[in-house]
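Just so you know, these numbers come straight off a predicted model, no measurement behind them. Only heavy atoms go into these numbers, but all of them, side chains included; no hydrogens, no water, no symmetry mates.
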Amino acid sequence: MDVSTLTRRVGTRPTTSGLEIPHDQLDQFSPPEIRAALVKEAESLPGVFTGPSQVSEPSSLALRLHEPSGPWEAFLHPSRDEFGHIHRAGFMHLTLPAPLIGPLTEAGWVEAHPISLRPQWPDTIVMLYAPRDEAELAIAVAALRASWEQASHHG
């Protein structure tokens with residue numbers, strides 16, 4: 001992911017319910033065709049399989065690897081093969097390489113997942129806001145690929 005060409009996310013930060021772990025975006029979500037395209041991209045990555053999340057709501061679509069080989073911080077714990085999941089609203093919880101988190105946060109695309117504040121959890125877990133159109137989908141796909149590369153040691 002080339003952060004030098006990263007555009008700022010348009011609009012306000014999504015409003016969440018205020019729960020400790022933001023599992024909803026009350027005012028922003030992916031249109032069905034955008035979420036479907038995001039899922040299709042995820043399922044096309046080599047070695048990825050999907051199913052109900054083992055670390056989040058079962059309605060979230062887990063992104064897991066048949067042969068995970070990335071470092072500890074590349075996975076959503078306690079799972080050792082789930083590197084992300086896509087929620088029904090279209091936002092993702094995923095792990096990102098540390099150098100990408102700052103630029104994506106500053107550009108308004110992600111926020112740190114509250115669980116990453118706990119010392120036993122990696123600080124690489126983020127919530128990436130739901131892509132709302134094709135341009136935002138491109139950013140989400142680039143972040144998804146960066147997460148997959150870290151978890152699978154590709155790239």
Side-chain angles (χ1 to χ4, degrees), residues 1 3 6 9 13-26 28-30 34-132 136-155:
M1 176 173 214
V3 294
L6 188 61
R9 186 176 180 279
R13 176 190 177 280
T15 303
T16 59
S17 64
L19 299 175
E20 180 182 356
I21 298 173
H23 283 108
D24 52 7
Q25 292 181 50
L26 303 178
Q28 296 178 25
F29 54 89
S30 296
I34 296 295
R35 185 184 183 280
L38 181 61
V39 169
K40 185 177 179 182
E41 281 290 330
E43 291 175 337
S44 75
L45 295 169
V48 170
F49 68 101
T50 59
S53 176
Q54 308 225 330
V55 299
S56 185
E57 300 172 324
S59 62
S60 300
L61 184 68
L63 309 175
R64 300 172 66 194
L65 290 171
H66 287 291
E67 297 181 21
S69 58
W72 173 80
E73 62 270 10
F75 299 96
L76 300 174
H77 296 277
S79 170
R80 194 54 185 109
D81 67 354
E82 186 173 335
F83 64 94
H85 48 254
I86 303 171
H87 285 268
R88 289 174 294 181
F91 71 90
M92 290 188 287
H93 287 154
L94 72 161
T95 59
L96 287 174
L100 297 180
I101 295 172
L104 283 166
T105 301
E106 291 168 21
W109 292 103
V110 303
E111 65 181 86
H113 192 295
I115 206 160
S116 66
L117 301 174
R118 299 176 187 170
Q120 68 271 31
W121 294 75
D123 59 4
T124 54
I125 302 171
V126 301
M127 180 175 83
L128 190 138
Y129 301 136
R132 300 165 291 186
E136 291 188 1
L137 176 62
I139 300 290
V141 166
L144 172 65
R145 286 186 165 275
S147 181
W148 167 77
E149 287 172 358
Q150 174 180 250
S152 64
H153 267 145
H154 281 83

Taking C-beta and beyond as the side chain, do [X] and [Y] meet within less than 4.5 Å on heavy atoms?
{"X": "Phe75", "Y": "Thr95", "value": "no"}
{"X": "Phe83", "Y": "Leu76", "value": "no"}
{"X": "Leu94", "Y": "Trp148", "value": "no"}
{"X": "Met92", "Y": "His85", "value": "no"}
{"X": "Trp72", "Y": "Thr124", "value": "no"}
{"X": "Glu149", "Y": "Pro97", "value": "no"}
{"X": "Tyr129", "Y": "Arg9", "value": "yes"}
{"X": "Gln150", "Y": "Leu96", "value": "no"}

Using 0.5 Å steps for rounding, measure from the [atom1] atom of [X] to the [atom2] atom of [Y].
{"X": "Leu38", "Y": "Ser30", "atom1": "CG", "atom2": "OG", "value": "7.0 Å"}
{"X": "Thr50", "Y": "Leu61", "atom1": "OG1", "atom2": "CG", "value": "4.5 Å"}
{"X": "Ser152", "Y": "Glu67", "atom1": "OG", "atom2": "CD", "value": "10.5 Å"}
{"X": "Leu63", "Y": "Leu144", "atom1": "CG", "atom2": "CG", "value": "6.0 Å"}
{"X": "His153", "Y": "Ser69", "atom1": "NE2", "atom2": "OG", "value": "5.5 Å"}

Exercise. Residues two or more places apart in sequence or in another chain: which of them pass salt bridge (charged side-chain N to carboxylate O under 4.0 Å, His left out) with Glu73?
Worked result: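 With sequence neighbours excluded, Glu73 shows a salt bridge (charged side-chain N to carboxylate O under 4.0 Å, His left out) to no residue whatsoever.
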Problem set entry | Partner set under salt bridge (charged side-chain N to carboxylate O under 4.0 Å, His left out) for Arg132, not counting sequence neighbours |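 Testing Arg132 for salt bridge (charged side-chain N to carboxylate O under 4.0 Å, His left out), a comparison that skips the adjacent residues, returns Glu136.
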Kindly give the heavy-atom pair with the smallest separation between [X] and [Y], and that separation in Å.
{"X": "Pro131", "Y": "Gly90", "value": "CD-O, 3.5 Å"}
{"X": "Ala42", "Y": "Val48", "value": "O-CG1, 3.5 Å"}
{"X": "Ala130", "Y": "Ala89", "value": "CB-O, 3.6 Å"}
{"X": "Leu6", "Y": "Pro103", "value": "CD2-O, 3.6 Å"}
{"X": "Pro68", "Y": "Leu65", "value": "CD-O, 3.5 Å"}

Problem set entry | Test log, rule side-chain hydrogen bond (donor to acceptor under 3.5 Å, both in side chains), inputs Ser53 and Glu82 | CA-CA 8 Å; Ser53 176; Glu82 186 173 335; 2.8 Å; yes
Problem set entry | Stepwise side-chain contact (heavy atoms from CB on, under 4.5 Å) test for Val126 and Trp109 | CA-CA 10 Å; Val126 301; Trp109 292 103; over 6 Å; no
Exercise. Checking His93 side chain against Leu128 main chain: does a donor-acceptor pair fall under 3.5 Å?
Worked result: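 Not a single qualifying donor-acceptor pair exists.
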For this session: Give a yes or no on whether the backbone of Ala143 and the side-chain of Ser147 come within a donor-acceptor separation of less than 3.5 Å.
Result: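 Judged by distance alone, no pair lies under 3.5 Å.
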For this session: Please test Val39 against Glu43 for side-chain contact (heavy atoms from CB on, under 4.5 Å), starting from the C-alpha separation and ending with a verdict.
Result: CA-CA 6 Å; Val39 169; Glu43 291 175 337; 3.7 Å; yes
For this session: For side-chain contact (heavy atoms from CB on, under 4.5 Å), just list the numbers for Phe91 and Val110, CA-CA rounded to whole Å, side-chain angles, deciding distance to a tenth of an Å, and then say yes or no.
Result: CA-CA 10 Å; Phe91 71 90; Val110 303; over 6 Å; no
Exercise. When you look at Arg88 and Phe29, which way does the side-chain contact (heavy atoms from CB on, under 4.5 Å) test go after all the steps?
Worked result: CA-CA 9 Å; Arg88 289 174 294 181; Phe29 54 89; over 6 Å; no
